[in-house]
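Computed over heavy atoms, backbone and side chain alike; hydrogens, waters and symmetry mates excluded.
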Amino acid sequence: MLKRKAEEAGQREQARREKEQAEADARLAKLNARARRDIGDLAATWLNTGHPALNGLSPLEAASNATGFDAAIEALNRRARELALEKRALQRKQKAVAELEELALSRYYDQELAALWMRSSRPELGGKSPSEFTCDDATRDRCANYLPKKRSRR
């Protein structure tokens, strides 16, 4: 009878460990899928890199328990928001630079001169070129002030 009770206790313990392992595997799979969906190609690196918000653990290590999983999801959401902000800033910069280039082309007869103006450093812009300095509509307008007022050959 004692042997049977010990076997039953061993089976319960084994079942409990298997259930915990299955839950951990499910958390890891869910985190991996969300990371690939939310941050794309950067997911593999992000999942395996230690993060201060996770006490130096990687998200995969943190997700091995339920509380660490919640913290890893929060860190993933934060990283996804950061990437979205960076993407929007890059799009604003590209749009503003394209508009400035179009304006420069309208002010110079020669396309090469317009391209040179976009690439040349200007002391008024802190030594940066207009294409480097322009990051939004306000900086685009500031750079546009330094273009010739009339169509120019120089």
Side-chain angles (χ1 to χ4, degrees), residues 1-105 111 114-147:
M1 189 158 143
L2 290 175
K3 186 177 179 183
R4 185 173 44 109
K5 285 188 177 189
E7 286 178 10
E8 288 174 359
Q11 289 173 350
R12 282 193 302 273
E13 181 63 26
Q14 179 66 24
R16 185 188 61 78
R17 277 187 260 133
E18 288 174 357
K19 181 182 175 190
E20 287 176 359
Q21 185 61 42
E23 289 172 353
D25 291 343
R27 285 191 299 268
L28 293 175
K30 184 177 179 180
L31 179 63
N32 197 353
R34 283 197 57 185
R36 292 193 190 291
R37 181 192 74 202
D38 293 350
I39 59 177
D41 295 338
L42 303 172
T45 304
W46 183 84
L47 285 167
N48 294 303
T49 304
H51 296 279
L54 302 174
N55 297 327
L57 296 174
S58 73
L60 289 178
E61 294 167 339
S64 63
N65 64 47
T67 56
F69 175 74
D70 294 338
I73 291 295
E74 288 176 25
L76 173 62
N77 291 338
R78 198 169 27 259
R79 182 65 181 142
R81 283 191 302 273
E82 289 170 0
L83 289 173
L85 288 173
E86 289 172 9
K87 183 178 179 182
R88 284 196 300 268
L90 179 63
Q91 289 171 339
R92 276 195 311 270
K93 178 178 177 60
Q94 290 172 339
K95 179 181 175 260
V97 168
E99 291 171 353
L100 185 61
E101 286 175 344
E102 186 177 317
L103 185 60
L105 286 171
Q111 291 181 355
L116 179 65
W117 182 85
M118 288 293 295
R119 291 189 316 265
S120 299
S121 67
R122 303 202 45 98
E124 303 91 5
L125 303 176
K128 293 183 177 181
S129 69
S131 62
E132 291 172 333
F133 185 79
T134 302
C135 61
D136 57 14
D137 293 343
T139 55
R140 178 205 59 215
D141 294 342
R142 183 171 170 197
C143 290
N145 290 334
Y146 300 116
L147 280 166

Find the distance between [atom1] ([X]) and [atom2] ([Y]) and round it off to the nearest 0.5 Å.
X: D137; Y: E99; atom1: CG; atom2: CD; answer: 6.0 Å
X: K95; Y: L100; atom1: NZ; atom2: CG; answer: 12.5 Å
X: N32; Y: L28; atom1: CG; atom2: CG; answer: 8.0 Å
X: F133; Y: K93; atom1: CZ; atom2: NZ; answer: 10.0 Å
X: Q111; Y: L116; atom1: CD; atom2: CG; answer: 13.5 Å
X: N145; Y: R140; atom1: CG; atom2: CZ; answer: 11.0 Å

Report yes if some heavy atom in the side chain of [X] is under 4.5 Å from a heavy atom in the side chain of [Y]; otherwise report no.
X: P59; Y: L76; value: no
X: R16; Y: K19; value: no
X: W117; Y: R122; value: yes

Point to revise | Test: E82 and R78 ion pair at under 4.0 Å | key: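 Salt bridge: no.
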Point to revise | N-O pairing of R17 and E20 below 4.0 Å | key: no
State whether the number of non-hydrogen atoms from other residues, nucleotides or ligands found under 6.0 Å of [X] atom [atom1] is greater than 12.
X: N55; atom1: CG; value: no
X: D41; atom1: CG; value: no
X: E7; atom1: CD; value: yes

**Study point:** side-chain contact (heavy atoms from CB on, under 4.5 Å) involving L103 - partner list, sequence neighbours excluded
**Key:**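 Per chain and number, L103 pairs via side-chain contact (heavy atoms from CB on, under 4.5 Å) with S106, R107, A144, L147.
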Exercise for review: Under the side-chain contact (heavy atoms from CB on, under 4.5 Å) rule, collect the residues that match up with E86, sequence neighbours excluded.
Suggested key: R79, L83
[X] side chain to [Y] backbone, donor-acceptor under 3.5 Å:
X: R27; Y: A63; result: yes
X: S131; Y: M118; result: yes
X: D136; Y: A138; result: yes
X: K128; Y: S121; result: no
X: E132; Y: S129; result: yes
X: H51; Y: W46; result: yes
X: E61; Y: S58; result: yes

Review point. Considering residues at least two apart in sequence or located in another chain, which fulfil the salt bridge (charged side-chain N to carboxylate O under 4.0 Å, His left out) criterion with R142?
Key: none
Revision key, fill the gap. Smallest heavy-atom separation, A72 atom then L54 atom, equals N-CD2, 3.6 Å
Practice item. Could you give me the CA-CA distance, side-chain angles and deciding distance for L125 and Y146, then say whether side chain to side chain contact (heavy atoms under 4.5 Å, CB included) is met? Key: CA-CA 10 Å; L125 303 176; Y146 300 116; 3.8 Å; yes
**Study point:** Q14 vs E18, side-chain hydrogen bond (donor to acceptor under 3.5 Å, both in side chains): CA-CA, chis, key distance, verdict
**Key:** CA-CA 6 Å; Q14 179 66 24; E18 288 174 357; 3.0 Å; yes
Practice item. Could you please spell out the steps behind the side chain to side chain contact (heavy atoms under 4.5 Å, CB included) verdict for N77 and R34? Key: CA-CA 9 Å; N77 291 338; R34 283 197 57 185; 3.0 Å; yes
